[in-house]
Amino acid sequence: MVAERFLVTGALGCVGSWTLRVLLEAGHDVIALNRGLGLERLRLVMEREDLGDITFEACDITDREAVEAVFERHQPTRVVHLAALQIPFCRADPSRGAQVNVQGTVNVFEAVRARREQIGTLVYSGSAAMYSTADADAVARDEGAAPHPETHYGVFKWANESTAKVYWQEHGVASIGLRPMVVFGPGRDQGLTSASTMAMRAAAMGESFEIPHGGSSLFNYAPDAARMFAAAASTQIEGALTFNMPGSAVSVEDVVSAIRYSVVDAEVGYTGDPLPFPSTFATGGYTDVAPVTVTPFGEAVDATIKHFIRASG
């Protein structure tokens, strides 16, 4: 495998941290771009204190000149764009949410446009949260179904997919957008769908926890998501492609059962209505583009709990 120089935005989030780990283990050079440089989540994911083989850049993704300066300084050959504000933060401050999620994405596309021969495919994180429950039947049949978002976050993520299409049509910037749904695993500690991971952490710590929603969803194990983002960024494609990220379709009852299978006396449960998104999504298109990794759900839950136990020791 030829070593590349990857630039990862939102690198200190959950999926960003796992993406850094996957890329380092593959022998690539890594530039981690993040607004703040708090390393607690990354240290949890990496399971070590020494992070000297990562180049860190503190950069606000909404500052176009600052983003351009990072690209110019490091000359990346691959880009994974994960920087975003999640649903609660977009709801609390829609203006800031638009600046980060939409303007920040445009800034990254602009930087890649200026270096499209060098970088190739830009990979970015979409979200299945751009779909509402009204889209359930359509999106279960077709991963290209038209969305009808009911949150600012969903609107912003949909806008980014349209932005990607324009950059391909007008500038020849190739891109792949991958839409996760419920991401779980070590490092997932904020956002509307983080409760299942917090229940796993509570079980590892011998604490009780109640997941505040029921229903079913497509669950994406964070290390699997990272491998898929990394693999997509290493491909060479034509166009602006978008895919639902393959995962495990399970209910919250299944989540609780898997936790109790790993920790027999775990005091975890759930209550409340389902999440305001479709419970199932068509997937499969991405398998024609790059390798897909989906760890069996029970195995992923057990690995998550054991990771938390090791980290606490």
Would you give the length of the straight line joining atom [atom1] of [X] to atom [atom2] of [Y], rounded to the nearest 0.5 angstrom?
| X | Y | atom1 | atom2 | value |
| --- | --- | --- | --- | --- |
| Y286 | L178 | OH | CG | 5.5 Å |
| D254 | S257 | CG | OG | 6.0 Å |
| L23 | R78 | CG | CZ | 11.5 Å |
| S125 | K157 | OG | NZ | 4.5 Å |
| S175 | R116 | OG | CZ | 13.5 Å |
| L51 | L20 | CG | CG | 9.0 Å |

What side-chain hydrogen bond (donor to acceptor under 3.5 Å, both in side chains) pairs are there with at least one residue in residues 139-154, not counting sequence neighbours?
->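 Those involving residues 139-154 are D135-H148.
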Would a single hydrophobic cluster contain both [Y] and [X], if residues Ile, Leu, Val, Met, Phe, Trp and Tyr are joined by side-chain heavy-atom contacts under 4.5 Å?
| X | Y | result |
| --- | --- | --- |
| F109 | V79 | yes |
| I54 | V80 | yes |
| M181 | V292 | no |
| Y270 | V268 | yes |
| L7 | V173 | yes |

Short question: side chain of [X], backbone of [Y] - any donor-acceptor pair under 3.5 Å?
| X | Y | answer |
| --- | --- | --- |
| N220 | F184 | no |
| Q103 | V100 | no |
| S234 | A230 | yes |
| T133 | P278 | no |
| E238 | A174 | no |

Could you check whether any side-chain heavy atom of [X] comes within less than 4.5 Å of a side-chain heavy atom of [Y], counting everything from C-beta outward?
| X | Y | value |
| --- | --- | --- |
| T293 | Y221 | no |
| S248 | V294 | yes |
| L85 | D93 | no |
| V255 | M200 | yes |
| Q86 | P88 | yes |
| F56 | N34 | no |
| V301 | I259 | yes |
| L37 | L12 | yes |

Test side chain to side chain contact (heavy atoms under 4.5 Å, CB included) applied to D224 and R227, step by step = CA-CA 5 Å; D224 291 347; R227 293 185 190 101; 3.0 Å; yes
Salt bridge (Lys or Arg N to Asp or Glu O under 4.0 Å) with E25: which residues, sequence neighbours excluded?
->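 Checked E25 against salt bridge (Lys or Arg N to Asp or Glu O under 4.0 Å); matches are R21.
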Worked verdict on V289 versus F243 for side chain to side chain contact (heavy atoms under 4.5 Å, CB included) = CA-CA 10 Å; V289 176; F243 304 104; 3.6 Å; yes
Mutual orientation of the aromatic rings belonging to Y131 and F281 [parallel < 30°, tilted 30-60°, perpendicular > 60°] =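 Rings of Y131 and F281: tilted, 30 to 60°.
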Could you walk me through whether R35 and T62 pass the side-chain hydrogen bond (donor to acceptor under 3.5 Å, both in side chains) check?
-> CA-CA 10 Å; R35 183 167 182 255; T62 67; over 6 Å; no
If I compare all heavy atoms of [X] with all of [Y], which pair ends up nearest, and what's the gap?
| X | Y | value |
| --- | --- | --- |
| P291 | A231 | CD-CB, 4.0 Å |
| H28 | L24 | O-CD2, 4.0 Å |
| V182 | S217 | CG2-CB, 3.6 Å |
| T280 | A140 | OG1-CB, 3.7 Å |
| I61 | N107 | O-ND2, 2.9 Å |
| P149 | G154 | CB-C, 3.6 Å |

Does atom [atom1] of [X] have more than 12 heavy-atom neighbours, drawn from other residues, nucleotides or ligands, at distances under 6.0 Å?
| X | atom1 | answer |
| --- | --- | --- |
| D53 | CG | yes |
| E207 | CD | yes |
| R113 | CZ | yes |
| E110 | CD | yes |
| R115 | CZ | yes |
| Q236 | CD | yes |

Residue pair [X] / [Y], side-chain donor-acceptor N/O under 3.5 Å:
| X | Y | value |
| --- | --- | --- |
| T77 | E4 | yes |
| T163 | N160 | no |
| R188 | S196 | no |

Hey, what else clusters with V155 if you join Ile, Leu, Val, Met, Phe, Trp, Tyr whenever side-chain heavy atoms sit under 4.5 Å?
->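 Via sub-4.5 Å side-chain contacts, V155 links to V102, F156.
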Could you work out the complete set of other residues in the hydrophobic cluster of W168, with links drawn between I, L, V, M, F, W and Y side chains under 4.5 Å apart?
->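 Under the 4.5 Å side-chain rule, W168 groups with nothing.
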Cationic N near anionic O, under 4.0 Å, R43 to E40 |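 No salt bridge links R43 with E40.
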Summary of ring-ring contact (aromatic ring centres under 6.0 Å, His included) pairs that have at least one residue in residues 59-97, sequence neighbours excluded |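 The answer is none; no pair qualifies.
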For C59 and V67, what are the C-alpha separation, side-chain angles and deciding distance, and is it a side chain to side chain contact (heavy atoms under 4.5 Å, CB included)?
-> CA-CA 7 Å; C59 178; V67 171; 4.0 Å; yes
Expected list for residues 304-313: side-chain donor-acceptor pairs under 3.5 angstrom, two or more places apart:
| from | atom 1 | to | atom 2 | distance (Å) |
| --- | --- | --- | --- | --- |
| T304 | OG1 | A300 | O | 2.9 |
| K306 | NZ | D302 | OD2 | 2.9 |
| H307 | NE2 | L44 | O | 2.7 |
| R310 | NE | E47 | OE2 | 2.8 |
| R310 | NH2 | E47 | OE1 | 3.4 |
| R310 | NH2 | E47 | OE2 | 2.9 |
| S312 | OG | I309 | O | 2.8 |

Ring centroid separation for F229 and F6, is it under 6.0 angstrom?
->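 Aromatic pair excluded; centres sit 6.0 Å or further apart.
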What's the verdict on side-chain hydrogen bond (donor to acceptor under 3.5 Å, both in side chains) for R179 and T242, showing C-alpha distance, side-chain angles and the deciding distance?
-> CA-CA 8 Å; R179 308 181 191 117; T242 54; 3.2 Å; yes
